2 protein chains.
Amino acid sequence: MFIKEDKMVKSEIRILGIDDSPFTRKDKKVLCIGTIYRGGNYIDGLISFEIDKDGDNATKNIIKSFKKTRHRNQLRYIMVDGLTLGGFNIIDIKKIYSKTKTPCIVVMRKKPKMKKFLKAIEKTSNPDKKKKIVEKAGKIQKTRINGKDIYLQLAGIDLEKTKKILKLTCIHSDIPDPLRVSHIIASGVKLGDSHGGA
Amino acid sequence: MFIKEDKMVKSEIRILGIDDSPFTRKDKKVLCIGTIYRGGNYIDGLISFEIDKDGDNATKNIIKSFKKTRHRNQLRYIMVDGLTLGGFNIIDIKKIYSKTKTPCIVVMRKKPKMKKFLKAIEKTSNPDKKKKIVEKAGKIQKTRINGKDIYLQLAGIDLEKTKKILKLTCIHSDIPDPLRVSHIIASGVKLGDSHGGA
């Protein structure tokens, strides 16, 4: 069977899944973990970096870490657990895509309450800049995986292809394994004992 | 077919695999990572703790972390990458077994050069205590996995059963996945980008 190259998802593709660690009111920095998966169930590598809590350097630090890792030439997709890391450090997925040439998929298990979210941003530093990044991320799309609704924001990739990647990586639950495991690692390193789920 | 319960290794058993992070001459503490695997290829949880470089608290801190994790009642085996962590912080596998009631498997990919090792211990604090722990760990046993020799020290488990656990966990290489992945995580967290292998 002939499959168009750009629609194909190889089972051995490398995917980077990024999540942040839990943090307290006192913390100024938040540890972020990026697990590098080969296909659905093989861990190939790991990156880590810090960002400012409620700051504005998540995008920059993701791009920096991506460009630094020895796996950069193999990485085909970037997944992030939600559009923010470390509180309100919002991710510019369009910028990440343009700087890394790698499609970026934001995965959310709940539909974000945008009004409440934008109101909370008002209380942070740089609220206008943050709001612009949220707008830039584009529309929230819904799909179902393993019987559950999940919500997505996409840069450099369409919904059809994203579904194939979710099918490949959601092998143990409705959470892609690169995100599920980055959550376990980030919480286990920060707290000494991991939390389940992502 | 009837299999005696104590010889059986279920494919869903939980295994804790411990490795340390790389460290520099300046470091006084060394981060250790314990990945909790369910069977051969599912990461269920993660513990982390620090030990003193060349110190004497690896055994105590492994036991403490084991007793603290929410996974403790499911954990069936403990694997450690070598008999030492953080330089010459030597692990008392008999004590770990007796305090946790969980068999402990030390995995080494090279046959340790005992003379050289014991000579190096002389230069650390508490050399006599350290040497006693090394002696207590018992004889080094050799087996083959995926075509390569590996060396083992065992507490609370025999070679026959250990081989079954190695067969279950060495799915991607000659290194059990709980150790391979703990190495990737420990180096990725410490250095920002992981090293391959364990």
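In the text below, chain A, chain B and the rest are named by the order of the sequence lines, each starting its count at 1. Since the model is a prediction, treat every value here as computed from it, not as a measurement.
- Note on Ile96(A) and Ile133(A): same hydrophobic cluster, where clusters join Ile, Leu, Val, Met, Phe, Trp and Tyr whose side-chain heavy atoms are under 4.5 Å apart, directly or indirectly.
- Heavy atoms of other residues, nucleotides or ligands lying less than 6.0 angstrom from NZ of Lys163(B) number 12 at most.
- The 12-atom threshold is exceeded at NZ of Lys94(B), counting heavy atoms of other residues, nucleotides or ligands nearer than 6.0 Å.
- Interface summary for chain B: among Lys68(A), His71(A), His172(A), the most heavy-atom pairs under 4.5 angstrom belong to His172(A).
- From Ile185(B), atom CD1 reaches atom CD1 of Ile185(A) across 3.5 Å, with rounding to the nearest 0.5 Å.
- In the hydrophobic clustering of ILVMFWY residues, with side-chain heavy atoms under 4.5 Å counting as a link, Ile18(B) and Tyr97(B) come out apart.
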- Assess whether side chain to side chain contact (heavy atoms under 4.5 Å, CB included) is satisfied between Lys190(A) and Ser48(B), documenting all intermediate values. CA-CA 8 Å; Lys190(A) 171 77 181 179; Ser48(B) 69; over 6 Å; no

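- Of all the heavy atoms in Gly45(A) and Ser194(B), the pair that sits closest is CA-OG, 3.2 Å.
- Atom-to-atom distance recorded for Ile47(B):CD1 and Leu191(A):CG is 13.0 Å, nearest 0.5 angstrom.
- Once rounded to the nearest 0.5 Å, the distance linking OH of Tyr42(B) with CG of Asp177(A) reads 7.0 Å.
- Put simply, the side chain of Arg70(A) reaches to within 4.5 Å of the side chain of His195(B), judged on heavy atoms.
- Across all non-hydrogen atoms, the minimal contact from Arg180(A) to Ile43(B) is NH1-O, 2.7 Å.
- Transitive grouping of hydrophobic side chains (ILVMFWY, heavy atoms separated by less than 4.5 Å) keeps Ile145(A) and Ile171(A) in distinct clusters.
- Proximity to chain B is limited to the side chain of Ile33(A), based on heavy atoms less than 4.5 angstrom apart.
- By the neighbour-count criterion of 12 heavy atoms within 6.0 Å, atom NZ of Lys131(A) is densely surrounded, having more than that number from other residues, nucleotides or ligands.
- Connection of Val80(B) to Val107(B) is not established within any shared hydrophobic cluster, with ILVMFWY side chains joined at heavy-atom distances below 4.5 Å, either directly or through further cluster members.
- Using a 4.5 Å cut-off between heavy atoms, Thr69(B) touches chain A through backbone and side chain atoms alike.
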